[in-house]
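Read the structure below first, then the notes.
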Amino acid sequence: MGKECILKMEGISKSFPGVKALDQVNLTVRKGTVHAVMGENGAGKSTLMKILLGLYPQDEGTVYFKGKEVHFNNPRDALHNGLAMIHQELSTVRSRNVMQNIYLGKEITYKGTGVLNNKAMYAECKTLFESLGIGIDPLTPMSSLSVSRQQLCEIAKAISYNADLIIMDEPTSAITESEVELLFKMIDDLLKKGITIIYITHKMDEVFKIADDVSVYRDGHFINSVPAKETNQAELIKMMVGRELSQMFPKEEVEIKDTLLKVENLSSEGVFEDVSFELRRGEILGVAGLIGAGRSEVMEGVFGVRPISKGKIYIDGTEVTIRTPRDAIRNRIAFLTEDRKYNGCLLPLSVRENTVIASLAKYCRLGFINRKVCNEKSKEMQKAMNIKTPTIEQKIMNLSGGNQQKVLVGRWLLTDPNILIVDEPTRGIDVGAKSEIHKLITNLAKQGKGIIMISSELPEVLGMSDRVMVMSEGKLIGTMNREEATQEKILLYATGKTE
């Protein structure tokens with residue numbers, strides 16, 4: 001193998017009420033390498049990392065870090081010993097600025113006073129960002145940044161700890177292509193300094209681009225660990241899901257009927273302007289464009305989340321007024337948002353509560369909630385979506401990202417929508433869950449529903465869409481049929497050009 005081992009986890013087991021999350025799991029990571037960790041959502045990857053960080057104690061097994069057996073009591077303990085992590089779900093404090101987020105818990109103060117030295121923190125933060133190629137002013141409010149820019153700040157924060165090993169959990173799930181290249185350059189620079197990376201991802205192309213070794217887990221078991229250059233995509237998928245996935249994009253010929261939704265000259269001042277498009281029954285309309293192009297914002301306008309300055313919306317040929325999500329739901333529109341954590345999941349609540357909340361009015365009588373019906377509907381969705389949870393009373397925060405996403409899909413299906421808007425429906429979820437979501441979208445189209453799918457993954461857009469509309473800088477640049485859509489043409493449109 002050629003390089004000394006920096007981390008070894010042997011025979012790790014962990015059980016929770018009703019489920020064995022890890023069963024005699026191993027992980028061996030060589031110093032100064034990128035070690036990819038892969039597996040479906042619910043495979044045990046997050047639990048293994050939480051044990052490493054000291055968030056959970058293991059029931060069995062031993063952890064060795066830098067040649068010594070370790071027992072970290074919490075993430076701060078792990079951090080002091082040279083181990084940092086970038087989490088998939090953003091942990092930023094949105095009410096503070098970028099600099100305050102970077103130095104949270106390690107603030108610089110004037111010696112002997114305890115008074116914050118903002119000047120020193122600003123200077124150090126600016127130097128850090130410049131060295132990483134991140135063009136963000138440290139005093140920028142975190143709440144004003146896009147999800148992708150917040151993710152870059154999280155990456156910078158982890159690097160700022162000067163750790164020996166950095167765990168990156170789906171670091172590219174919410175950043176642009178150019179930012180991905182920037183991240184890969186950062187990783188290359190870290191490797192040159194002898195720093196080790198554990199890279200958790202579902203994106204195969206990234207594994208073969210930057211990883212030295214790959215470890216695969218399935219259903220709480222360790223499957224195998226191999227050098228990246230000695231395997232391929234088909235073998236990894238088979239290890240992850242226990243079978244071959246022949247159809248990642250199960251596109252079927254569906255009869256596309258009359259116009260279901262028509263949007264005319266929709267505008268939101270300073271965000272997007274004069275956007276017009278149509279959606280037909282049985283159609284999957286892909287929405288592409290670079291992050292910041294206004295894709296999500298237009299659909300937020302359609303759903304009543306974002307105020308509209310002008311424009312008209314027609315459903316089945318009749319003009320409708322949509323000022324709030326309640327209006328949209330009443331008109332049988334559903335919206336699966338991009339950001340599960342902030343705009344989707346109600347984290348402290350159960351799977352059951354998260355599933356039924358959008359359609360709760362249906363299950364109330366004389367002001368009382370029919371708990372029996374809520375339980376039945378939630379269990380129906382759990383089965384239909386193949387949601388991995390020991391019970392519907394489990395808090396949704398304890399589920400993997402892919403299973404959280406399935407709960408949200410189930411939530412909106414219970415509202416019986418005719419129009420379903422899905423924003424980055426497979427962001428941060430594994431190949432098996434992606435395939436299931438794609439099949440679900442296809443089946444909904446077969447039922448005559450209209451699907452609007454916003455995605456940053458061009459293979460997904462090209463594989464699933466009947467037509468593709470491309471946004472750039474708040475404007476609709478063009479729409480193309482499935483037959484004429486290519487990756488090159490979409491990227492050309494995304495930069496604001498049409499030829």
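Computed from a predicted model, the values in this text were never measured in an experiment.
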Exercise. Looking only at atom types and distance, does a side-chain atom of N443 sit under 3.5 Å from a main-chain N or O of K439, one as donor and one as acceptor?
Worked result: yes

Exercise. Side chains of T337 and D423: do they bring a donor and an acceptor to under 3.5 Å?
Worked result: no

Exercise. Taking the side chain as C-beta and beyond, is there a heavy-atom pair between M453 and L285 under 4.5 Å?
Worked result: no

Problem set entry | Basic-acidic side-chain contact under 4.0 Å: D219, K388 | yes

Exercise. Do E283 and R467 have side chains that get closer than 4.5 Å, going by heavy atoms?
Worked result: yes

Seminar exercise, completed: Residues at least two apart in sequence or cross-chain that pass side-chain contact (heavy atoms from CB on, under 4.5 Å) with E297, listed by chain then number, are V271, F272, E300, R306

Exercise. When you look at L413 and L440, which way does the side-chain contact (heavy atoms from CB on, under 4.5 Å) test go after all the steps?
Worked result: CA-CA 10 Å; L413 290 185; L440 174 66; 4.0 Å; yes

Exercise. Between A158 and A84, which heavy-atom pair has the shortest distance, and what is it?
Worked result: O-CB, 4.1 Å

Problem set entry | Polar side-chain atom of E273 near backbone of L266 as donor-acceptor pair, under 3.5 Å | no

Problem set entry | Set of salt bridge (Lys or Arg N to Asp or Glu O under 4.0 Å) partners for K362, sequence neighbours left out | none

Exercise. What distance separates M85 CE from I167 CD1, expressed to the nearest 0.5 Å?
Worked result: 5.5 Å

Exercise. Could you state the interatomic distance from CG (L132) to CE (M186), rounded to the nearest 0.5 Å?
Worked result: 4.5 Å

For this session: State, with a plain yes or no, whether a side-chain heavy atom of M204 is found less than 4.5 Å away from one of L236.
Result: yes

Problem set entry | Under 3.5 Å donor-acceptor, Q394 side chain and L399 backbone | no

Exercise. So, does T415 use its side chain to make a donor-acceptor pair with the main chain of W412 at under 3.5 Å?
Worked result: yes

For this session: Would you confirm whether K45, through its side chain, and G39, through its main-chain N or O, come within 3.5 Å as a donor-acceptor pair?
Result: yes

Seminar exercise, completed: Minimal heavy-atom distance between C125 and I102, with the atoms involved, is SG-CG1, 4.0 Å

Problem set entry | Partner of L279 under side-chain contact (heavy atoms from CB on, under 4.5 Å), chosen from D466, V302, I419 | I419

Exercise. Would you find more than 12 non-hydrogen atoms of other residues, nucleotides or ligands less than 6.0 Å from E473 atom CD?
Worked result: no

Problem set entry | pair V356-Y363: side-chain heavy atoms closer than 4.5 Å | yes

Exercise. Taking all atoms of both residues into account, what is the closest heavy-atom pair of V468 and A288, and its distance?
Worked result: CG1-CB, 4.1 Å

Exercise. Salt-bridged, R330 to D327, with N to O below 4.0 Å?
Worked result: yes

For this session: Not counting sequence neighbours, which residues clear side-chain contact (heavy atoms from CB on, under 4.5 Å) with N97? List them please.
Result: M99, Q100, L139

Exercise. Heavy-atom distance under 4.5 Å between the side chains of K395 and S350, does that happen here?
Worked result: no

Problem set entry | side-chain contact (heavy atoms from CB on, under 4.5 Å) between L336 and I421, worked out | CA-CA 6 Å; L336 180 66; I421 304 168; over 6 Å; no

Problem set entry | Side-chain ion pair, K475 and D274, N-O less than 4.0 Å | no

For this session: Looking only at non-hydrogen atoms, find the nearest pair between I166 and A163 and report the distance.
Result: CG1-CB, 4.2 Å

Exercise. Is the side chain of E424 donor-acceptor paired with the backbone N or O of S456 at a distance under 3.5 Å, no angle test?
Worked result: yes

Exercise. Is a side-chain N or O of T486 found less than 3.5 angstrom from the main chain of K489, in a donor-acceptor match?
Worked result: yes

Problem set entry | Spatial distance of atom CG (L347) from atom CG (N354) [nearest 0.5 Å] | 7.5 Å

Exercise. Under a 4.5 Å cut-off applied to non-hydrogen side-chain atoms, are M464 and H438 in contact?
Worked result: yes

For this session: Could you tell me whether the side chain of D316 reaches within less than 4.5 Å of the side chain of L260, counting heavy atoms only?
Result: yes

Exercise. Looking only at heavy atoms, which two atoms of E460 and S455 are closest? And how far apart?
Worked result: OE1-OG, 2.5 Å

For this session: Using modelled atom types only, decide if a donor and an acceptor are shared between the side chain of D212 and the backbone of V34 within a distance under 3.5 Å.
Result: yes

Exercise. Among all residues two or more places apart in sequence or in another chain, which pass the side-chain contact (heavy atoms from CB on, under 4.5 Å) test with D205?
Worked result: K203

Exercise. Any sub-3.5 Å donor-acceptor pair from R482's side-chain atoms to L462's backbone N or O?
Worked result: yes

Exercise. Thinking salt bridges, do D258 and R281 make one under a 4.0 Å N-O criterion?
Worked result: yes

Problem set entry | Charged N-O contact under 4.0 Å between E264 and K262 | yes

Exercise. Are the side chain of N481 and the backbone N or O of E483 linked by a donor-acceptor pair below 3.5 Å?
Worked result: no

For this session: Assess whether side-chain contact (heavy atoms from CB on, under 4.5 Å) is satisfied between Y493 and M480, documenting all intermediate values.
Result: CA-CA 10 Å; Y493 280 26; M480 60 195 87; 3.5 Å; yes

Exercise. Under 6.0 Å from the CD atom of E319, do we count more than 12 heavy atoms belonging to anything else shown?
Worked result: yes

For this session: Go through the steps for V275 and N265 under the test side-chain contact (heavy atoms from CB on, under 4.5 Å), then give the verdict.
Result: CA-CA 5 Å; V275 175; N265 304 117; over 6 Å; no

Exercise. Do M168 and L183 come close enough that some side-chain heavy atom pair is under 4.5 Å?
Worked result: yes

Seminar exercise, completed: To the nearest 0.5 Å, atom CG of L420 lies from atom CZ of R332 at 12.5 Å

Problem set entry | Spacing of I357 atom CD1 and L349 atom CG [to the nearest 0.5 Å] | 6.5 Å

Seminar exercise, completed: Rounded to the nearest 0.5 Å, the CG atom of L458 sits from the CD1 atom of I490 at a distance of 5.5 Å

Under 3.5 Å, which donor-acceptor pairs do the side chains of residues 377-387 form with other protein atoms, sequence neighbours left out?
{"from": "N386", "atom 1": "ND2", "to": "E436", "atom 2": "OE2", "distance (Å)": "3.2"}

Problem set entry | Electrostatic pair K209:E181 at N-O distance under 4.0 angstrom | yes

Problem set entry | Which residues share a ring pair (Phe, Tyr, Trp, His ring centres under 6.0 Å) with F335, sequence neighbours left out | F303

For this session: Would you please say whether a donor-acceptor pair under 3.5 Å links the side chains of T196 and H35?
Result: no

Problem set entry | Closest non-hydrogen atom pair, I454 against P425 | O-CD, 3.5 Å

